[in-house]
Protein chains: 4
Amino acid sequence: MTQVDTQPLRRRTQAARREQSDRRMLRAAAYLIGRRGLHATTLAEIGVRAGYSSGLPVVRYGSKFGLVDTLLAAMDRWCETTVASMTGGRRGLDALKARAEAYIIGARTIPDGAAALQTIIVEARYAFPELQPRIDAFLERWRLGFRDDLLDARRLGEVRSDLDCDAYANLILGAIRGMTIGRFGEDLREVQRELPPLLCEMVRQALALPSA
Amino acid sequence: MTQVDTQPLRRRTQAARREQSDRRMLRAAAYLIGRRGLHATTLAEIGVRAGYSSGLPVVRYGSKFGLVDTLLAAMDRWCETTVASMTGGRRGLDALKARAEAYIIGARTIPDGAAALQTIIVEARYAFPELQPRIDAFLERWRLGFRDDLLDARRLGEVRSDLDCDAYANLILGAIRGMTIGRFGEDLREVQRELPPLLCEMVRQALALPSA
Amino acid sequence: MTQVDTQPLRRRTQAARREQSDRRMLRAAAYLIGRRGLHATTLAEIGVRAGYSSGLPVVRYGSKFGLVDTLLAAMDRWCETTVASMTGGRRGLDALKARAEAYIIGARTIPDGAAALQTIIVEARYAFPELQPRIDAFLERWRLGFRDDLLDARRLGEVRSDLDCDAYANLILGAIRGMTIGRFGEDLREVQRELPPLLCEMVRQALALPSA
Amino acid sequence: MTQVDTQPLRRRTQAARREQSDRRMLRAAAYLIGRRGLHATTLAEIGVRAGYSSGLPVVRYGSKFGLVDTLLAAMDRWCETTVASMTGGRRGLDALKARAEAYIIGARTIPDGAAALQTIIVEARYAFPELQPRIDAFLERWRLGFRDDLLDARRLGEVRSDLDCDAYANLILGAIRGMTIGRFGEDLREVQRELPPLLCEMVRQALALPSA
DNA sequence: CATGAATGAGTATTCATTCAT
DNA sequence: TATGAATGAATACTCATTCAT
């Protein structure tokens with residue numbers, strides 16, 4: 001019986017150590033990448049800021065690419081969960097508005113993470129071309145979310161039946177990205193206040209039925 | 001007499017040589033920066049690709065910062081000229097549409113330059129913080145252009161009188177930037193076809209008078 | 001009473017486990033060192049390839065030096081045993097021929113071990129200078145073996161009485177080493193076919209009595 | 001005329017600087033590699049020992065591989081020249097003896113270079129597999145030299161007509177390599193004294209005509 | 001006995017910049 | 001004006017070793 005109890009305990013403890021250092025390092029990575037940029041952020045810095053040695057990041061993630069890949073995957077999951085909970089039970093334009101808000105809210109809830117995400121999306125293009133598929137998938141998921149909301153809205157009769165949902169989904173995502181990019185750490189709060197109602201207005205007016 | 005004649009001649013020749021090497025190096029810089037990113041592009045590469053030695057860029061511009069600064073200033077001037085000629089004689093929404101088209105057209109006319117511009121705007125934030133004022137000024141000029149067009153349109157009665165021109169100018173510029181960013185070298189033509197009419201439609205419908 | 005019985009049993013089991021992991025790790029070490037070289041082989045790899053954790057090699061041997069030292073000692077013993085059994089009952093040139101064959105046969109019987117041995121002999125000079133005495137002793141034992149065979153042959157009248165046995169022992173060992181070094185994993189079979197008869201011929205003709 | 005004179009002068013001076021640093025760095029590399037081994041020798045050390053900065057070796061040779069490749073090529077040329085001058089005008093066994101002496105003499109003339117050469121031949125197998133073709137070519141040239149000497153000796157009637165020249169060339173080269181390997185910096189002088197006459201004796205007795 | 005998390009010193013490589021020509 | 005040789009600081013990555021479990 002001792003065996004049965006100690007084995008899992010040991011494993012739980014080792015796993016816990018690993019999990020904790022994992023969390024800390026990803027948090028430190030997001031903090032630093034969002035502030036100094038992907039290139040200027042050192043693996044050693046990340047390890048030290050997380051409270052560990054300079055070598056741990058490489059031991060854990062194998063390489064800088066591995067760390068960024070892991071970080072991106074974690075943030076991807078976080079976005080997925082947040083968006084799902086915010087758009088749950090909503091449909092059409094209502095869901096679209098919630099989805100847009102989720103993007104902004106992410107930046108408010110975990111500003112470090114959001115800043116790092118934007119930076120990685122932009123800098124990784126040159127630094128880690130192998131990461132592009134994951135980045136594209138991330139953006140595509142957002143785009144498809146907006147598109148499906150618009151398609152749903154069309155089905156519900158909230159917008160004109162001839163609306164080019166794909167094009168408008170692009171426009172919406174582009175606007176959100178274009179307005180938040182490179183503006184972390186400064187006047188993001190302003191964007192948070194301005195952008196959602198603006199999009200709502202645009203959505204209501206530009207996409208609504210001619211009669212509306 | 002020989003002195004008097006040769007000196008100016010020499011000077012003219014020297015100036016011409018300088019001008020030519022200048023043009024070539026900035027062109028090479030735009031080409032490389034747009035493709036590999038600001039950080040991955042080395043001064044030596046730029047010099048060699050321009051057909052000169054690896055050391056010339058530093059001799060000419062003093063430092064990497066100096067080169068990027070010069071390049072940015074040149075592209076700024078180019079944008080200014082293009083926009084002025086395209087919006088010349090137009091007012092209100094008509095001018096706004098032309099201005100938006102100018103942004104896209106720039107990417108079509110000098111794709112290397114446009115790609116480099118986007119890259120610099122994003123990467124310089126971390127690499128050359130001293131460059132930020134110039135970048136901000138560049139973007140601000142675009143934003144003010146759109147804002148003034150909207151204000152003009154409001155004065156002309158083309159849009160609602162309570163329109164938040166500043167906010168919409170931000171939205172428009174953000175959409176343009178967000179949709180073109182990181183998409184150079186691939187499907188930019190698609191953006192060129194889609195974006196301008198989309199913005200036109202949005203402008204027409206979202207900003208128009210309620211009666212329209 | 002339970003104590004008295006289980007203790008030895010446990011110990012025997014522990015000893016067996018230790019012995020098995022020992023065998024496996026040395027085997028894995030030989031395999032990897034022979035293939036990738038001493039420097040490129042990591043302790044972690046050895047542990048994992050042996051079917052254990054990455055940390056076991058250090059726990060068992062204390063350090064990389066300790067492992068190599070142990071491995072070398074084991075191979076030394078193996079050589080000693082093999083040579084003894086192959087030269088047993090023989091004398092003079094007959095024994096010399098058998099000894100030379102033993103060197104080659106080792107490479108055929110345990111190719112991984114032979115390759116690792118060669119690699120260690122060469123790389124350890126720089127990596128583990130402290131190991132040099134053991135290496136020198138190993139080579140010296142071979143040299144002395146050949147020398148004694150030659151001295152015996154001289155006593156038996158098989159070779160000229162003025163033969164420099166030390167010098168020729170060096171030559172023979174050198175030839176064997178020089179022809180096998182760095183050729184593991186490739187055309188060693190060719191060497192196995194060629195070298196022994198060649199040495200035999202040389203031994204027979206070069207060292208034989210002038211009259212022969 | 002000034003042009004005509006200064007241009008070459010400038011070029012000669014720059015080229016001279018380059019040539020000098022080249023010579024110094026290769027010399028320093030040979031010295032260090034022969035003493036500490038290929039792996040333990042640092043590019044920075046090489047640069048500093050040559051009297052330059054730690055970064056110059058990479059700037060000049062691109063990488064550690066590039067440096068070793070260059071060094072090997074230089075030593076290859078040196079060997080070629082030395083062997084050619086020493087065997088010039090000789091034939092058969094006489095040429096073979098001179099060739100064997102050249103190998104040893106090289107170690108006496110440029111002991112650092114010879115030691116580095118041996119080390120590189122052995123260590124590069126694992127560290128720089130891409131270098132293997134050059135190494136093989138180097139060894140093959142020696143082997144072919146000995147073989148051709150033997151073939152010539154056979155033609156001249158100096159040795160038995162059924163002699164396996166390829167096999168014996170292997171044996172001779174193997175013996176030379178096996179007896180010098182890993183013995184640089186210590187008792188190489190002894191080898192220098194012992195080996196050539198030993199090979200001569202072997203050649204004379206083992207390869208000679210039965211009647212001789 | 002065995003695992004695996006964490007350390008930290010060492011090294012090849014990059015490249016903006018300086019400087020001799 | 002232009003070349004290119006030389007500098008040196010910065011950083012990703014490796015891995016033997018320590019230590020907690």
Side-chain angles (χ1 to χ4, degrees), chain A residues 6-7 9-18 20-22 39-45 47-48 51-60 62-67, chain B residues 10 13-15 17-18 21 39-45 47-48 52-60 62-65 67, chain C residues 10 13-15 17-18 21 39-45 47-48 52-60 62-65 67, chain D residues 6-7 9-18 20-22 39-45 47-48 51-60 62-67:
Chain A
T6 50
Q7 272 299 81
L9 184 67
R10 275 177 188 172
R11 278 185 186 163
R12 211 181 304 142
T13 311
Q14 286 286 58
R17 284 217 298 171
R18 191 188 177 93
Q20 188 184 36
S21 60
D22 215 56
H39 170 254
T41 298
T42 294
L43 286 178
E45 274 180 320
V48 170
Y52 297 91
S53 71
S54 62
L56 190 54
V58 175
V59 170
R60 185 60 52 80
S63 65
K64 193 170 187 176
F65 170 81
L67 188 153
Chain B
R10 272 179 191 167
T13 309
Q14 289 285 53
R17 290 209 328 175
R18 186 189 181 95
S21 61
H39 171 253
T41 299
T42 70
L43 289 177
E45 274 179 320
V48 170
Y52 297 90
S53 71
S54 62
L56 189 54
V58 176
V59 171
R60 185 62 51 79
S63 66
K64 192 171 188 175
F65 170 81
L67 188 153
Chain C
R10 273 179 191 168
T13 309
Q14 290 286 55
R17 291 214 318 176
R18 186 189 182 96
S21 61
H39 171 253
T41 299
T42 70
L43 289 177
E45 273 180 321
V48 170
Y52 297 90
S53 71
S54 62
L56 190 54
V58 176
V59 170
R60 185 61 52 81
S63 66
K64 192 170 187 176
F65 171 81
L67 188 153
Chain D
T6 51
Q7 274 297 84
L9 184 65
R10 275 177 189 172
R11 276 184 189 163
R12 211 182 306 142
T13 311
Q14 287 286 58
R17 284 218 298 170
R18 191 187 178 94
Q20 187 183 37
S21 61
D22 214 56
H39 170 254
T41 299
T42 294
L43 287 178
E45 274 179 321
V48 170
Y52 297 91
S53 72
S54 62
L56 189 55
V58 176
V59 169
R60 184 60 52 79
S63 65
K64 192 170 186 175
F65 170 81
L67 188 153

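Throughout, protein chains are lettered first and strands after them, A, B, ... in sequence-line order, and every chain is numbered starting at 1.
If you measure from atom CZ of A/R60 to atom C1' of E/dG4, you get 10 Å, rounded to the nearest angstrom. The distance from atom CG of C/L56 to atom P of F/dC15 is 19 Å, rounded to the nearest whole Å. Counting to the nearest Å, the P atom of F/dT11 and the CG atom of A/L67 are 16 Å from each other. Across the protein-nucleic acid pair, C/R17 atom CZ and E/dC1 atom P stand 9 Å apart, rounded to whole Å. What separates NE2 of B/H39 from P of F/dA12 is a distance of 10 Å, to the nearest Å.
Heavy atoms only, all atoms of each residue included: A/H39 and A/K64 are closest at O-NZ, 3.5 Å.
The side chain of A/R18 has E/dA5 as its nearest neighbour among F/dA5, F/dG8, E/dA5. The side chain of B/S63 sits closest to E/dT17 out of F/dA6, E/dT17, E/dA16. In the set F/dA5, F/dA12, F/dT17, the nucleotide with an atom closest to the side chain of C/K64 is F/dT17. Looking at the side chain of B/L43, the nearest of the listed nucleotides E/dA6, F/dA16, E/dA16 is E/dA16. Each of F/dT17, F/dT7, F/dT3 was ranked by its minimum atom distance to the side chain of C/V58; first place goes to F/dT17. When distances are taken from the side chain of A/V59 to each of F/dC15, F/dG8, F/dT11, the shortest belongs to F/dC15.
Taking for each of B/G55 and C/A44 the nucleotide of DNA chain F with the nearest heavy atom, the 5'-most of the two is the partner of B/G55. The 5' end of DNA chain F is approached more closely, in terms of each residue's nearest nucleotide, by B/Y52 than by the other of C/F65 and B/Y52.
Listed for the A/T42 side chain is no donor-acceptor partner under 3.5 Å among the backbone atoms of A/E45. The main-chain N or O of C/R60 is never found under 3.5 Å from a side-chain atom of C/R18 such that the two would form a donor-acceptor pair.
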Watson-Crick and G-U pairing of DNA chain E written in dot-bracket, each distance under 3.5 angstrom, with | for inter-strand partners
.||||||||||||||||||||
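A side chain to side chain contact (heavy atoms under 4.5 Å, CB included) with C/L43 is found for exactly one of C/S63, C/P57, C/S54, namely C/P57.
For the OP1/OP2 pair of E/dA6 and a distance below 4.0 Å, the side-chain nitrogens and oxygens of A/S21 include at least one atom meeting the criterion.
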